[in-house]
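Basis for what follows: all heavy atoms, side chains included, without hydrogens, waters or symmetry-related copies. Throughout, numbering of the chain's residues begins at 1 and tracks the sequence. All ligand and atom numbering here is 1-based and tracks the order in the structure.
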Amino acid sequence: MTSGVKGRVATRKIDPHPADVITTWASRIAVVVLFIYTCLYLDRIKDRWYVLDPTHLHELAQAAIASSPNDTSGMIDHIVSNLTAEYSSSTIALNTNTKEWVFNNAGGAMGAMYIIHASITEYLIIFGTPLGTEGHTGLHTADDYFNILVGEQWAFSPGQLEMERYPAGSVHVLPRGTAKQYKMHEGCFALEYARGWIPLMLPFGFADTITSTLDLPGLYQTIVVTGREMLRNLFIGKI
Ligand SMILES: *[C@@H]1O[C@H](CO)[C@@H](O)[C@H](O)[C@H]1NC(C)=O
Ligand SMILES: *[C@@H]1O[C@H](CO)[C@@H](O)[C@H](O)[C@H]1NC(C)=O
């Protein structure tokens, strides 16, 4: 027994052959380089998985406002029925349950969202609050198109001394890798479309809940709905 333990310790102390060390490190570096090149390649071709179109969504947001003035719920119905008419269920999976809202705390701002569509490369949500909120947009791996339906969004970047104003009917475009401070001034709701790498945005979406609100049932529901919609899209071959 004792000698067995000693034997094992002694075996572990034997230095590996220098050639083995080089082989081990060379293969680790090769895996990392391959991984980086795969990511760069996927990033270059990600456009081929996009289904939705920012220009169409902006026109749709404006049409929704025009068809249902002062009626946020009517605007949302207009948007969802347009999308279900426009796209077949084999092109894109859409969540048509307009009552499925969850709290969203992120970057210090708070509101609620209804997830219309979520995949690996795109999401489309209604986000807003009748109370107003303010925070950091987050620094994301996706381009973001924030179509204001109701109210006004204000924004600014460091160095700007005047704010940007986005009234209902306008779109605030935030290219990936850029961040701003924003405010949903008083009551404000928007149709938000993001395209890029969505899973990498999720830590930002969960951080405030994990470190502050501890609204675990809300977090659970958000993960269930997001996961369900991503899987529904994966099943129809939509990444
Ligand atoms: C959807 O909305 C767009 C933009 O308003 C419009 O051009 C298109 O005709 C609508 N499609 C349907 C099926 O209603
Ligand atoms: C919408 O609300 C505004 C402000 O309350 C009011 O002036 C306007 O007439 C309303 N428009 C419609 C179509 O109800």
Side-chain angles (χ1 to χ4, degrees), residues 46-102 104 111-130 137 140 142-155 164-176 178 180 182 184-198 201 225-226 228-239:
K46 63 184 181 305
D47 299 31
R48 65 176 66 166
W49 293 303
Y50 296 153
V51 175
L52 299 169
D53 172 58
T55 310
H56 167 239
L57 291 170
H58 185 216
E59 285 165 7
L60 178 55
Q62 290 177 326
I65 296 166
S67 78
S68 312
N70 295 356
D71 173 13
T72 313
S73 164
M75 293 177 199
I76 296 169
D77 289 342
H78 179 98
I79 289 166
V80 174
S81 55
N82 177 286
L83 293 173
T84 46
E86 199 78 17
Y87 299 98
S88 76
S89 57
S90 58
T91 315
I92 190 171
L94 298 165
N95 175 19
T96 54
N97 181 2
T98 57
K99 302 283 176 283
E100 196 170 54
W101 288 82
V102 287
N104 185 255
M113 66 174 171
Y114 152 45
I115 300 174
I116 303 174
H117 169 72
S119 71
I120 306 292
T121 54
E122 292 174 292
Y123 75 67
L124 184 69
I125 64 173
I126 304 285
F127 173 76
T129 161
T137 57
H140 297 297
D143 295 321
D144 196 86
Y145 301 82
F146 207 73
N147 296 276
I148 312 300
L149 298 171
V150 180
E152 245 181 29
Q153 190 201 32
W154 298 347
E164 300 163 16
R165 286 180 100 114
Y166 298 94
S170 68
V171 57
H172 179 189
V173 181
L174 193 67
R176 79 171 179 179
T178 56
K180 288 181 186 174
Y182 76 99
M184 309 281 275
H185 183 58
E186 297 177 349
C188 181
F189 281 90
L191 174 70
E192 181 180 9
Y193 171 55
R195 50 159 57 179
W197 298 110
I198 307 306
M201 298 175 78
V225 176
T226 310
R228 185 194 69 208
E229 294 307 310
M230 283 186 169
L231 285 176
R232 285 180 66 216
N233 280 288
L234 270 181
F235 284 144
I236 58 167
K238 165 70 189 70
I239 300 167

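With sequence neighbours left out, I65 forms a side chain to side chain contact (heavy atoms under 4.5 Å, CB included) with M75, L149, A168. Applying the side chain to side chain donor-acceptor pair (under 3.5 Å) test to S81 and every residue at least two apart in sequence or in another chain returns nothing. Applying the side chain to side chain contact (heavy atoms under 4.5 Å, CB included) test to R165 and every residue at least two apart in sequence or in another chain returns E152, W154, M163.
Within 4.0 Å of ligand 1, protein heavy atoms come from H56, E59, L60, A63, N82, A85, E86.
Here the side chains of R195 and D47 are not in contact, with every heavy-atom distance at 4.5 Å or above.
Between F189 and W101, the angle of the ring planes goes over 60°, which puts this pair in the perpendicular group of the 30/60° scheme.
Side-chain atoms of E122 and Y50 include no donor-acceptor pair closer than 3.5 Å.
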